[in-house]
Each structure stands twice: as C-alpha cells, then as structure tokens.
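The structure appears right after this line, and notes come after that.
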Amino acid sequence: MVLASLSTGVIARIMHGEVVDGPVLQILAIKKINSAADSERYRILISDGKYFNSYAMLASQLNVMQHNGELEEFTIVQLDKYVTSLVGKDGAGKRVLIISELTVVNPGAEVKSKIGEPVTYENAAKQDLAPKAAAPSNSKPVAKKEPGHNNNNNVVMNSSINSGMTHPISSLSPYQNKWVIKARVTSKSGIRTWSNARGEGKLFSMDLMDESGEIRATAFKEQCDKFFDLIQVDSVYYISKCQLKPANKQYSSLNNAYEMTFSGETVVQLCDDTDDDPIPEIKYNLIPISDVSGMENKAAVDTIGICKEVGELQSFVARTTNKEFKKREITLVDMSNSAISLTLWGDEAVNFDGHVQPVILVKGSRINEFNGGKSLSLGGGSIMKINPDIPEAHKLRGWFDNGGGDNVANMVSARTGGGNFSTEWMTLKDARARNLGSGDKPDYFQCKAVVHIVKQENAFYRACPQSDCNKKVVDEGNDQFRCEKCNALFPNFKYRLLINMSIGDWTSNRWVSSFNEVGEQLLGHTSQEVGEALENDPAKAEQIFSALNFTSHIFKLRCKNEVFGDMTRNKLTVQSVAPINHKEYNKHLLKELKELTGIGPSN
DNA sequence: CCCCCCCC
C-alpha cells in the first residue's frame, strides 16, 4: 500500500490567501458543530503534515461523505474545490477554510496514524508563505461597483467588497450582524399581500446560495418595493445587514437553521463579475418527464419540455382559506415521448404566453398525485425558465419542430388510478378471466369496444342544484325540491346522468356504468338536454340514445367487486371514453401481434 | 410581519 504525500506546508499558504491547486491533506478529526437542529455542519481539523487548521468546514453537500464514513480520522484527501472566508466581527474574526469538493486518496483505516507533528499555521515561518504579499483568496478584482441600494458610506460593505472578504452563508447567525455575504439568487417569489388579525402588508422572498450553504430571505413592505426589481434569479449580490431569526422548518426545505429578513439597514449590491466567480451556478437535475411516473408524491422535480398545450387562465377561491387564486395548466412534452401537466400560479399564470410553444424549464416543481396520474405544480422556491439558452433546450426545440411531439404515448398526468404506467390494454374476457377488481384497490384497464345497448330507464336523476353537491333531491311537490345533504329546499334541480350500457369487444360483452360527464360526452348532449328529452320528449330521447348504438370508442374502465347484501358483483365503471386514435391503437395491435408471433418491428 | 398554491 502506498500512501500519498501530503502537500507539506500548504495550509499556511492557503490561509494567507494563495490559490493552490489540489492540495493533499490529512483529516485529523471531524465533528458536528453545535448548531440549531436541521442545519448540519461538520468542522474538520485538517493537516498538511507541518501545519494544521482547526477552522475548516465541510460544505453541506459533502455531509453525505461523512455519513458514509468516508472522512474518518487519518483519511488523506485532495481538496478539489475550496474557498477561504472570514467569519467574526468586522472582518477581524477567524478565517475559515470551506471545502466544497474533495477526493479521498487513502481511507483513514489504511493510513492508521497522524503524519508529522503539525502545529497551527498561525505560527507559520515566513518562508512557508507565498513570496509576494498574498491576496486573500476571494480577492480577484471586483467588478466596477453598481451604485448600491442604501449604500451611503456603508463601511462594512465597501471594505468587504474591496478586500474580497465576504462571509459564508453557513456562518450567519442572529448573534453577530457585521457580515457581508456574496450570494446567488436561486429563486424569487412574486409579490404577495396579506391581511390578517395582526395587520396587512406585502412581501416577497428569495433563496440565496453560496459555496457554503443556502438561506431564505424575505423583504416586507417598504423593502419589498425597494428591492423587488433589483433582485433577479441567477444574479449574484453582496448583501449585508439583515435580521436573522430561526427558520420555521415547516415552510422551508432549505438547509439552514436560520432565515433572514431585510430591514431598513439592509444593503444589497449587484455583483457582476459572474464569469470568474466562486459562487456556484444553479444546478438543474433535469430528468425525463417519463421518470416522474415512478417518483413519490410531493417530490421536487427539475425537468425541461416543450409547452405543447396551454390551458385557460382560471380563478378560484380556495375552500379552506377563502383566498382567491389564479392558475393556468400547461402540458409539457419531451423526448421520452411523455406528457405532463404543469400548473403555474399568480402572475406567472396570468402573463404566460404559450401559443408559441416555448421550451419550459422548471426547477423544484412539486409532484401532485391524483388517481394515479402525476402532475407538476410550481410553488415556493421553484423556478420556471422560458426558452432558456442551454443545449437541452435547443435539442428539444429541434426535436419538437420536426414533429417529435406528435406521437406522445405516455400521459404521466392521466388519471388512470393504475399507478406508475399508462393504463393496460385488456380484452373484456381477460378482465373476467384475470379476476380484475377482486383486490382491495380497483383495477383499471382500457379496451376498444362497441356500444350494443343503452338503457334509457334510470339514465338520469334530479340532483341538488348546488354546484358542489350532486345528491339526488326529493320532490316535495309544489315545485320544491329538498336536498338532504345540504338540508335545503330549492325551486329547481339539475339533471345528472347515470348511463348503463352494454359494450362489447371481439371477446365478450359487459354492462358498464357511466357517470355524468362521460354520459354527456357519449350522448353528445348536456345532461339538461338529455333529462328534458327523457322527461318530455320521448322521440328526441330515442334519437339521442340510438345515435350511440354501434359506435366504437376506447374505454378506460375501472373494475371493482362491490358487495350488496350477500351478493358480490364485479362492477365496471367508465372512467373516460376517447375516439379511436388509429395510429395509437394500431401500435398496440402490432405490439400484441409481435408478442404472439415473435414477428414484427423492433419497437 | 408570510408560510397560500386549491379542486378533481
């Protein structure tokens, strides 16, 4: 076994500001810093064999290495990426080493002992330091200063910027307020107003990130107006003089025990030296839309797709909070031949122009699962980019403009109840033979079938006229109708359809039930029209119902055993009907043929 | 000081 040589004496040079590529060092100890819960930080005692530094910290993305036991005592590591930064009051505090990327060269178990007799670098001999007066590590020439906001003689801010000495986000706490951070905005909310018992106002919030960590910041009222336009996602800013307070973890998934609030003292200054900047870029973990099917409900998703369809802007009042919301649902497609619904909110929904079918990138969108379909929703901390200038976007554009989105096979948001995949094709005979519906949960399948018989008897009922109640009403006479669910009398009612019909495919036939919306779609008339015809105009009703006979459709069916007394019946309910897409259906038939015969196209 | 992002 060969142990790597340590970069002897290098810690003194690094800590005096020299930039050294890939120093090889030994971990002598690692311990968790006593900080508030939920913000996990590790401090390291690290040595180059001659000097040690006990003020080294692990950037949080490396915590996992410690969890995996890769950073035990005596481990030899190479630092692939690190910065030094000042913490403490007025820049007079400690300089810390923050390690954001490292490679294990020799595991601690192999090395087994401390190398050399290191002493603190603060006593380093002159010859170990860089020959010329070394610049602090962050002190690349700072770009020309923008006129800062509230930047009147801000000594701390200016001296920090001029010296290149900023504080790592992970070092911020409520106990010390002389700091300047240099951070990238990773997301920014819209302006939101509130009004409650304690008052009213407006605010916006943003997420900030640097090499060491991340933090949420919120600007209220005056600060909201003052800073909203200045703050832009992806830009880097110097920020100082905010209030810090414990983060309410209920509302934030950021890895920080604290959050900050802008105050009247807060100073924000755009930093435009982005091309040679130690602040990391926002990372997008883009996944194919098809992958969303297999992910957990509420999980965060970064993805990119073409906006193939745009829904109308919708307004509604949330039933629980009585707040009004605006939303718009759009459909994204990508090269996994999959489509998914994405919900935009507020101004983003109002201002969205989808008719040009732009490329849409989302970061941190949330999965909402309903009846087996999964859709995405933008929320706090998520961002959307329209036509981002990245290779993935150009690739998608080319794919889509050449007809790529024409044959989307996998509807990730389709409500099949069937779980992770598109609804399985099955014949009516196989559905029986395979005892579908006998489990705890319903089964779902689809088949192509023709309508044989449609029952007119009991094809409708009179329902409560309230929009969110479909309960059958009791005719009280005198044109009064009682809803027992709403416990109210109404002078009117609405018709609801409940169509029973026999459908058949080439293997078998079955009775199926269709509820209101599917019934309207099949009959091509509103429930009101159908109900009135059945009650008052038998000839019209006959015309409406017979038009459905011998028509073929793709039926998505829900199959479940239902118990009535001591009888168990296997019941089929039509979830949705669609016209036969012959291209799609033939694809399915070819696949079946290939499975039966082994002959056919490769996919 | 917000912390809402529904419904089906």
Side-chain angles (χ1 to χ4, degrees), chain A residues 38 187-207 215-228 242-254 256 258-264 266 297-298 300-301 311-330 341-350 352 362 364-384 411 413-417 442 444 466-470 496 515-518 520-521 556 558 573 575-576:
Chain A
D38 301 318
S187 74
K188 173 193 175 188
S189 78
I191 292 178
R192 189 166 71 236
T193 58
W194 83 89
S195 174
N196 59 30
R198 278 166 291 182
E200 55 182 61
K202 57 175 156 179
L203 70 113
F204 82 101
S205 61
M206 74 209 84
D207 293 344
I215 194 165
R216 156 73 52 89
T218 306
F220 290 96
K221 299 177 184 174
E222 296 83 6
Q223 282 71 251
C224 174
D225 289 335
K226 186 168 164 183
F227 293 111
F228 186 78
C242 299
Q243 289 166 9
L244 275 115
K245 61 174 186 180
N248 189 337
K249 300 307 283 187
Q250 193 185 338
Y251 305 119
S252 164
S253 54
L254 292 193
N256 201 315
Y258 304 111
E259 60 187 33
M260 25 193 250
T261 303
F262 282 21
S263 73
T266 295
N297 191 20
K298 302 299 169 196
V301 170
E312 295 297 309
L313 182 70
Q314 298 173 55
S315 288
F316 66 93
V317 175
R319 216 167 283 168
T320 46
T321 57
N322 270 340
K323 283 196 179 179
E324 198 195 343
F325 290 94
K326 290 195 174 76
K327 73 160 188 184
R328 189 194 295 273
E329 286 180 17
I330 68 174
S341 166
L342 169 72
T343 305
L344 316 181
W345 297 91
D347 287 345
E348 255 175 349
V350 173
F352 188 79
V362 291
S365 67
R366 294 280 157 191
I367 298 179
N368 276 310
E369 188 173 5
F370 181 69
N371 274 0
K374 287 186 170 118
S375 54
L376 299 177
S377 179
L378 256 38
S382 41
I383 53 178
M384 171 176 76
M411 302 295 179
S413 302
R415 297 163 192 175
T416 62
Y444 296 82
Q466 300 279 81
S467 64
D468 49 357
C469 179
N470 296 323
R496 296 277 300 177
F515 290 103
N516 198 56
E517 288 70 23
V518 172
E520 288 185 327
Q521 193 186 337
K556 287 198 174 173
R558 176 190 192 270
T573 309
Q575 295 293 111
S576 67

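The chains referred to below are lettered A, B, ... by the order of the sequence lines, with proteins before strands, and numbering in each begins at 1.
- Nucleic acid contact for A/Arg192: base, since at least one base atom lies under 4.0 Å from a heavy atom of the residue.
- Comparing A/Val317 and A/Gly199, the nucleotide of DNA chain B nearest to each residue sits closer to the 5' end for A/Gly199.
- Side-chain contact between A/Lys298 and A/Ile367 is absent, with no heavy atoms from C-beta onward closer than 4.5 Å.
- No hydrogens or angles considered: a donor-acceptor pair under 3.5 Å links the side chains of A/Ser187 and A/Asp207.
- No contact: A/Gly346 has no heavy atom under 4.0 Å from any strand.
- As judged by a 4.0 angstrom heavy-atom cut-off over every strand, A/Thr321 is placed among residues making no nucleic acid contact.
- Atom OG of A/Ser382 sits about 8.0 Å away from atom CD of A/Glu348, to the nearest 0.5 Å.
- Taking a heavy-atom distance under 4.0 Å as the criterion, the stretch of DNA chain B touched by chain A extends 5' to 3' from B/dC1 to B/dC8.
- Nearest heavy-atom pair across A/Gly190 and A/Phe228 is C-CE1, 4.1 Å.
- Contacts of A/Glu259 with the nucleic acid, taken as non-hydrogen atoms under 4.0 Å apart, include base atoms.
- A/Lys202 comes within 4.0 angstrom of no nucleic acid atom, judged by non-hydrogen atoms across all strands.
- The residue A/Lys245 sits close to a base: some heavy atom pair falls under 4.0 Å.
- Side-chain contact between A/Met206 and A/Phe227 is absent, with no heavy-atom pair separated by less than 4.5 Å.
- Using a cut-off of 4.0 Å between Lys/Arg side-chain N and Asp/Glu carboxylate O, A/Glu222 and A/Lys202 are scored as not salt-bridged.
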